[in-house]
Amino acid sequence: AQKITQTQPGMFVQEKEAVTLDCTYDTSDPSYGLFWYKQPSSGEMIFLIYQGSYDQQNATEGRYSLNFQKARKSANLVISASQLGDSAMYFCAMREGSYSGAGSYQLTFGKGTKLSVIP
Amino acid sequence: EAQVTQNPRYLITVTGKKLTVTCSQNMNHEYMSWYRQDPGLGLRQIYYSMNVEVTDKGDVPEGYKVSRKEKRNFPLILESPSPNQTSLYFCASSFTGTVGLQTQYFGPGTRLLVL
């Protein structure tokens, strides 16, 4: 079974509108971290936002916020006020393991969502 | 500037010709890792290292070697490249402290074509 599922292969959003990119995850480990990365056409992987499984509040970083619904095992990325430069692939990823730092550090990635921002 | 660097960024080679892709980070991270990205398969981990002289296999280690002689460097070695190793390769690094610090930062990627 896939550990990270991104069900939207591609999405379009109008410039200045908000958009939500879906991510569901599967783990039995109580300690895990969820990450979102952006990959523009140039190819680099850019870290956007992080949410820990024990964090009480949803993470926010500028125009990015993470809608964390633990019971549903979802970690959707919300981009507010979309800009043309937001057009890229977006990857959700998970790291399972002890919250203290031990355990595997491997990131498991979803297949990604290609976001296109329309002027 | 805190960063992960990779060299070369682009490489075309022929089957069987040994090559090394270098990776270096200046953030004093303990953990370093190599991933490959292929269409339809996403990112898959090749090898990782928890610290100097400590390395282990990821999901797709066949055909690759690594070494970690210094904390900042983690080279990926293809002893005898084959066309199925044509891919986009990423090096990443992170701390190994509390999970909030374990964000992995990626290098710019190396596009490899094996003919």
Side-chain angles (χ1 to χ4, degrees), chain A residues 2-6 9 23 25 27 29-57 59 61 64 66 68 88-114, chain B residues 2-6 8-11 23 25 27 29-51 54-61 74 87-112:
Chain A
Q2 285 190 17
K3 287 193 172 183
I4 297 286
T5 302
Q6 295 181 254
C23 173
Y25 59 93
T27 181
D29 195 322
S31 301
Y32 52 89
L34 296 158
F35 305 82
W36 278 92
Y37 288 85
K38 172 185 177 181
Q39 187 177 39
S41 58
S42 51
E44 68 268 32
M45 293 289 285
I46 302 167
F47 166 71
L48 295 178
I49 197 166
Y50 158 81
Q51 180 85 41
S53 61
Y54 293 117
D55 292 345
Q56 295 296 314
Q57 293 187 322
E61 287 286 349
Y64 304 107
L66 201 152
F68 181 46
M89 283 289 290
Y90 288 81
F91 291 94
C92 180
M94 177 174 65
R95 177 205 169 278
E96 297 168 283
S98 167
Y99 203 68
S100 68
S104 167
Y105 288 79
Q106 181 178 355
L107 280 177
T108 303
F109 284 83
K111 296 292 175 65
T113 296
K114 185 172 184 179
Chain B
Q3 59 182 353
V4 180
T5 57
Q6 293 179 229
R9 294 288 312 279
Y10 305 90
L11 180 60
C23 173
Q25 50 91 9
M27 294 171 278
H29 286 164
E30 298 91 358
Y31 178 83
M32 297 186 74
S33 178
W34 278 101
Y35 295 86
R36 60 178 289 174
Q37 184 180 23
D38 302 287
L41 297 176
L43 284 98
R44 295 175 292 168
Q45 189 179 52
I46 304 170
Y47 268 95
Y48 66 94
S49 169
M50 296 294 290
N51 215 323
V54 181
T55 63
D56 208 346
K57 298 176 181 178
D59 293 329
V60 288
F74 190 44
S87 188
L88 175 59
Y89 291 87
F90 287 102
C91 179
S93 72
S94 77
F95 290 113
T96 59
T98 55
V99 70
L101 294 176
Q102 289 161 3
T103 297
Q104 289 188 28
Y105 294 93
F106 283 73
T110 295
R111 292 187 186 273
L112 173 64

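Lettering of chains follows the sequences in order, A, B, ..., and the numbering in each one begins at 1.
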Open item on the list: Please find the pair of heavy atoms, one from A:Tyr37 and one from B:Thr103, that lie closest to each other, and give the distance.
Closed with: OH-CG2, 4.3 Å

Task: Proximity breakdown for A:Thr108 and chain B, heavy-atom pairs closer than 4.5 Å - done: neither

- [ ] Identify which of A:Glu44, A:Lys111, A:Gln51, A:Met45 forms the greatest number of heavy-atom pairs closer than 4.5 Å to chain B.
- [x] A:Met45

Open item on the list: Among residues at least two apart in sequence or on other chains, which ones pass salt bridge (Lys or Arg N to Asp or Glu O under 4.0 Å) with B:Asp56?
Closed with: none

Open item on the list: What's the separation between atom CD in B:Gln37 and atom CZ in A:Phe109, rounded to the nearest 0.5 Å?
Closed with: 8.5 Å

Open item on the list: With a 4.5 angstrom heavy-atom cut-off, is it the side chain or the backbone of A:Gln39 that approaches chain B, or both, or neither?
Closed with: side chain

- [ ] First locate atom OG of B:Ser94, then atom CZ of A:Phe47, and finally report the distance between them rounded to the nearest 0.5 Å.
- [x] 11.0 Å

Task: Segment of B:Arg44 engaging chain A (4.5 angstrom heavy-atom cut-off) - done: neither

Task: Residues in side chain to side chain contact (heavy atoms under 4.5 Å, CB included) contact with A:Thr5, at least two apart in sequence or another chain - done: A:Gln2, A:Thr7, A:Thr24

Task: Atom pair CZ (B:Phe106) and CG (A:Leu107), whose distance is rounded to the nearest 0.5 Å - done: 5.5 Å

